[in-house]
Q: 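So that we are looking at the same thing, I have put the structure below in structure tokens.
Note that this is a predicted model, so its numbers are computed, not measured. Every chain is numbered from 1, with letters handed out A, B, ... down the list of sequences. We use all heavy atoms of the structure for the numbers below, so side chains are in, but hydrogens, waters and symmetry mates are not.
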Protein chains: 2
Amino acid sequence: MNPKFYFLPQEKQQTILNAGFHVFSRNSYRKSPMSEIADAAGISKSLLFHYFHNKKELYLFLWDTCAKITVEEMERSGTYEQTDLFGSMEYGMQVKLSLMRRYPDIGVFAVRAFYEKDPEVSSDIQRSMGRYLAVHAEKKLQKLDHEDFIPGIDLQMMYKEMYWASEGCLWEYIQRGSMDTDAMEKDFHELVDFWKKVYIRKGQGDKR
Amino acid sequence: MNPKFYFLPQEKQQTILNAGFHVFSRNSYRKSPMSEIADAAGISKSLLFHYFHNKKELYLFLWDTCAKITVEEMERSGTYEQTDLFGSMEYGMQVKLSLMRRYPDIGVFAVRAFYEKDPEVSSDIQRSMGRYLAVHAEKKLQKLDHEDFIPGIDLQMMYKEMYWASEGCLWEYIQRGSMDTDAMEKDFHELVDFWKKVYIRKGQGDKR
DNA sequence: CCTCCGTTAACCGAATCGGTCAATATGATG
DNA sequence: CATCATATTGACCGATTCGGTTAACGGAGG
């Protein structure tokens, strides 16, 4: 891509990226017209082609940006260092929310890109997934201590259930199209509170 | 639409409907080409236009079919009569699964159609939603008895959490593109089992 | 042979696509 | 004001795709 893109004011860069995320997240690669992206960004198609020489380049750039931003945000917020299960759950959500506030469609875009079948881009996407996947290695389960949770509970199932519930909550907002991150944050927080009340073993005061 | 469609063998009707659900569930209304639907159904575009005079008619027919089939299946399975919370949850899932086995993309289609913005169809969709919505009136919460559940639990939050988790589970399969209904049924069932173990108050033997 | 009838290939005009390019608008410099 | 570099655009291109039409094909029954 044209390095001049980097010299644009941050805000304008973000607007263009968001336009890309928006269109590509709602249509397949092939059915996402550059003209529609340009319109969403408030610039002419010609200018968009000036910064990104063709559609594939823009798409792959968005994908890389996606991965880069995510890793940055996780490092910045200290999500990696989180050891407590509920804490890491809440931190993970905070990362998602913070990303979504700046780039409302980045989440849906990432999922769609990952499953994109178009041969023009699918191989490139899959190839660059190596690094991205390494991040999400979920080894948290093995570190859990049964003593901290209510007796007899299936911890693996509990984790799966928590994961699905948070995804289901997120999904509800996404479908509705209203990316009200504040409302989402509230819902997420209530979710974690609910889990803590239900799953954590009580009796000996503060655990650990 | 052409009444001759009804005289087609059930199987062929279903193939055509599924082709429609498939394409319309993956693209917006405007970006779902009739040719693609015809190909997916294994017939020529001309024949598709022979049964449905134009795209809008096919789309609205699919939508109506969607609502009709759902109500039928819920009546057939006796979901409406279910009073127990977990039971109605499991019955509801069974309905979804049974529909999804015959029409793999009907769920995603329904959601997309509901939020479709294209002025050519959006008003018609919204208008016909009156009947459809009446079905989903969730008055279940008010009938619940606190004595049946673990002490101090927020029943409304519990229900919300269960709903989100099942939606999140479904959503995971949908994104992956693999509509393995048997695996989904297993996951759903395990979910309900888990909820029962965690949420139901124990002590006085069988409740009620 | 003819006549239905399900089905299709070929076609139509209009729109849209990715991408190019010459022209214009803008702003700094002398 | 004139000059020049740069940012931005409208107009255009050839190719493709769109929704929809139409004439013809092909097989079954009389």
Side-chain angles (χ1 to χ4, degrees), chain A residues 1-17 19-20 22-63 113 116-122 124, chain B residues 1-17 19-20 22-63 113 116-122 124:
Chain A
M1 41 81 55
N2 192 330
K4 285 177 185 172
F5 178 75
Y6 288 122
F7 294 107
L8 255 48
Q10 276 290 328
E11 184 201 327
K12 200 146 197 174
Q13 284 187 41
Q14 207 157 299
T15 305
I16 295 177
L17 294 183
H22 185 80
V23 175
F24 280 124
S25 69
R26 274 157 180 78
N27 313 105
S28 66
Y29 170 75
R30 199 185 312 222
K31 300 195 177 174
S32 297
M34 290 291 269
S35 56
E36 207 169 303
I37 298 175
D39 286 348
I43 61 175
S44 68
K45 192 178 62 164
S46 329
L47 188 54
L48 185 58
F49 271 105
H50 178 63
Y51 292 128
F52 304 94
H53 306 88
N54 52 51
K55 188 156 95 162
K56 179 176 177 180
E57 189 180 280
L58 168 59
Y59 188 74
L60 261 24
F61 180 82
L62 286 173
W63 172 254
E116 176 63 57
K117 294 289 198 305
D118 198 300
E120 193 175 333
V121 291
S122 64
D124 295 79
Chain B
M1 40 83 54
N2 192 330
K4 286 177 185 172
F5 178 75
Y6 288 121
F7 294 106
L8 256 46
Q10 276 290 326
E11 184 200 327
K12 199 145 198 173
Q13 284 187 41
Q14 206 158 300
T15 305
I16 295 178
L17 294 184
H22 185 81
V23 175
F24 280 124
S25 69
R26 275 158 181 76
N27 313 103
S28 65
Y29 170 75
R30 199 189 309 231
K31 300 197 176 171
S32 297
M34 289 292 269
S35 56
E36 207 169 301
I37 298 176
D39 287 348
I43 62 176
S44 68
K45 191 178 62 165
S46 327
L47 188 55
L48 185 59
F49 271 106
H50 179 62
Y51 292 128
F52 304 93
H53 307 88
N54 52 51
K55 189 156 98 164
K56 179 177 177 180
E57 189 180 278
L58 168 58
Y59 188 74
L60 260 25
F61 180 82
L62 286 174
W63 173 254
E116 175 65 56
K117 294 291 198 305
D118 198 300
E120 193 175 336
V121 292
S122 64
D124 296 79

Q: Could you tell me the separation between the CD1 atom of I16(A) and the P atom of dA7(D), rounded to a whole number of Å?
A: 13 Å
Q: Output yes when at least one side-chain N/O atom of Y51(A) is less than 4.0 Å from OP1 or OP2 of dT8(D), else no.
A: yes
Q: Could you please spell out the steps behind the ring-ring contact (aromatic ring centres under 6.0 Å, His included) verdict for F5(B) and F61(B)?
A: CA-CA 12 Å; F5(B) 178 75; F61(B) 180 82; 5.8 Å; yes
Q: Nearest of dG19(C), dG18(C), dT7(C) to any side-chain atom of L47(B)?
A: dT7(C)
Q: From NZ of K31(B) over to P of dC18(D), roughly how many Å is that when rounded to an integer?
A: 11 Å
Q: Just the rounded figure in Å: distance from P of dG19(C) to CD of E120(A).
A: 7 Å
Q: Quick check: do E120(B) and Y29(B) have side-chain heavy atoms less than 4.5 Å from each other?
A: yes
Q: Between the base of dG19(D) and the side chain of K45(B), is there any donor-acceptor pair under 3.5 Å?
A: yes
Q: Starting from P on dT22(D), measure out to NE2 on H53(B) and report it in whole angstrom.
A: 13 Å
Q: Nearest to the P33(A) side chain among dT9(D), dG6(C), dC17(C), which nucleotide is it?
A: dC17(C)
Q: Please compare E36(B) and S44(A) by the position of their nearest nucleotide in DNA chain D and report the one closer to 5'.
A: S44(A)
Q: Got a salt bridge between K56(A) and D124(A), using NZ or NE/NH1/NH2 to carboxylate O under 4.0 Å?
A: yes
Q: OP1 or OP2 of dT17(D) versus the side-chain N and O atoms of S35(B): is any pair under 4.0 Å?
A: no
Q: Would you please confirm or rule out a distance under 4.0 Å between OP1 or OP2 of dG20(D) and any side-chain N or O of S46(B)?
A: no
Q: For I43(B) and for S32(A), locate the closest nucleotide of DNA chain C by heavy-atom distance; then report the residue assigned to the nucleotide nearer the 5' terminus.
A: I43(B)
